[in-house]
> 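The following block contains the structure, expressed as structure tokens.
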Amino acid sequence: MNALNSIRSLTPVGPRINSQRLWEHICAMADIGATAKGGVNRQALTTEDTRGRMLLLQWASCRGYQASIDPIGNLFIRRPGKSPDLSPVLTGSHLDSQPTGGKFDGVYGVLAGLEVLETLDDHGIETERPLELIVWMNEEGSRFPPPTMGSAVAAGALPLADALAIKDVDGIDVQDALKIQLAELPVLETRALDMSGFAYIEAHIEQGPVLESQACDVGVVTGIQGLHAYEIQLLGAEAHAGTTPLRHRKDALVAATTLIARIRAAMDDPEDILRFTVGRLEVYPGSPNTVPGRVTFNIDLRHPDPDFLLRADEKILQLCAGEVEGCPVSAKVLLRSTPVTFDDRVVATVRNAAGGRAMKFLDIVSGATHDAKYTAEHIPTGMIFVPCEKGISHNEAENAREVDVAAGAQVLCDAMLAIMSAQL
Ligand SMILES: [Zn+2]
């Protein structure tokens with residue numbers, strides 16, 4: 001953790017960003033991997049991803065920014081500062097998308113970051129610290145699971161060798177796919193894996209409906225909620241649907257529906273902050289005229305408060321012990337990812353930047369995970385959300401308004417400059 005002690009409260013400190021240029025960049029990037037339904041398919045380390053990175057590098061080289069890449073393919077674009085040895089103020093996000101992704105998820109944060117760098121150039125502003133724009137490799141994890149691969153490796157949470165060995169469905173591993181991409185990109189300076197910097201601020205679309213429904217300009221993100229994942233299995237007895245009386249059955253599906261209803265009732269949260277989802281149910285043998293002998297289902301559980309999450313965890317495991325309607329139940333915990341709280345000083349800086357522009361803003365906890373989860377472990381981190389239409393994301397229909405993406409980029413610019421002048 002570095003010494004970011006206090007941040008002056010501020011009125012607007014930055015120059016006006018160029019909202020038209022930002023929008024043009026978003027539209028130009030959306031052409032790469034464009035799908036018929038208006039979205040994009042630009043999965044990590046595909047030709048489309050490479051083309052997206054090339055376009056960004058072109059824009060960066062027009063400004064004379066230095067570009068470098070680390071061993072997992074995270075890309076860094078640096079605008080130098082007056083004191084090159086000071087640790088940089090960072091921003092960034094990702095250019096890769098889901099297979100049926102939208103034009104804004106990830107791309108927006110990268111291009112808002114580029115807009116900050118270019119705005120400073122337009123106004124001849126020299127900063128004390130360098131600024132760095134990071135394009136994290138494979139945030140989505142759709143081609144190569146898990147998500148947030150690049151930032152996880154940089155943070156030391158996922159060993160580089162393990163990540164490089166992960167294969168896609170065609171048997172191509174990350175290492176080979178990365179080699180193919182590097183051969184296409186202009187020659188880049190290489191740098192070691194590293195997760196350090198003075199501060200990191202990521203801009204992103206909200207991917208939920210809250211900001212739009214409350215007519216907010218931006219969201220001040222205070223953290224990322226925790227996520228627990230479970231796999232629950234119930235064992236019944238397969239039997240003939242025509243001959244077996246109901247009282248003689250051990251129907252794993254009937255028992256599973258009872259169990260899910262019990263868990264759902266136990267997850268009731270008066271504040272409606274807890275997220276509880278059963279998104280997959282597998283029924284064996286899956287025949288219309290056989291009583292199901294085995295059912296497995298998955299639970300996705302999220303909440304920003306670690307204690308709340310642990311209490312919910314306890315209730316789930318209690319309910320999934322023993323038998324339900326004669327069917328033994330077993331529960332496997334697949335993941336316990338703790339909530340992340342962003343750095344108070346960075347969050348306050350983002351809040352001041354929004355307030356300084358007289359914007360309507362709201363403190364918000366991110367429901368989705370982001371690369372900022374991993375930066376937050378090593379670097380004072382914050383995020384800025386902008387509203388997206390009906391909260392739709394991971395969908396080709398994903399949309400955001402020009403005025404909102406401009407507002408978020410303006411807050412990013414002001415906040416990065418304010419952090420820059422933080423007293424040490
Ligand atoms: Zn994203």
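Residues: numbered from 1 along the sequence shown. Computed from a predicted structure; not experimentally measured. Order of appearance sets the numbers: ligands from 1, and atoms from 1 within every ligand.
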> Give a yes/no answer: is there an N/O/S atom of H204 under 2.8 Å from the Zn ion (ligand 1)?
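Yes, H204 qualifies, because one of its backbone or side-chain N, O or S atoms lies under 2.8 Å.
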> Do D313 and R336 meet the salt-bridge criterion of a basic N to acidic O distance under 4.0 Å?
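The answer is yes: the pair qualifies as a salt bridge.
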> Nearest to the Zn ion (ligand 1), which N, O or S atom of D105 do we find?
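Of all N, O or S atoms in D105, the Zn ion (ligand 1) lies closest to OD1.
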> Looking at D300 and R302, is there a salt bridge between them, counting it only when a charged N and a carboxylate O are closer than 4.0 Å?
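Result for this pair is yes, salt bridge flagged.
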> ring-ring contact (aromatic ring centres under 6.0 Å, His included): which pairs involve residues 339-366, sequence neighbours left out?
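For residues 339-366, and leaving out neighbouring residues, there are no ring-ring contact (aromatic ring centres under 6.0 Å, His included) pairs at all.
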> Quick one: ring-ring contact (aromatic ring centres under 6.0 Å, His included) partners of H25, sequence neighbours excluded?
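With sequence neighbours excluded, H25 shows a ring-ring contact (aromatic ring centres under 6.0 Å, His included) to W59, given in chain and number order.
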> Please find the N/O/S atom of H94 nearest to the Zn ion (ligand 1) and write down its name.
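Going through the N, O and S atoms of H94 one by one, NE2 ends up nearest to the Zn ion (ligand 1).
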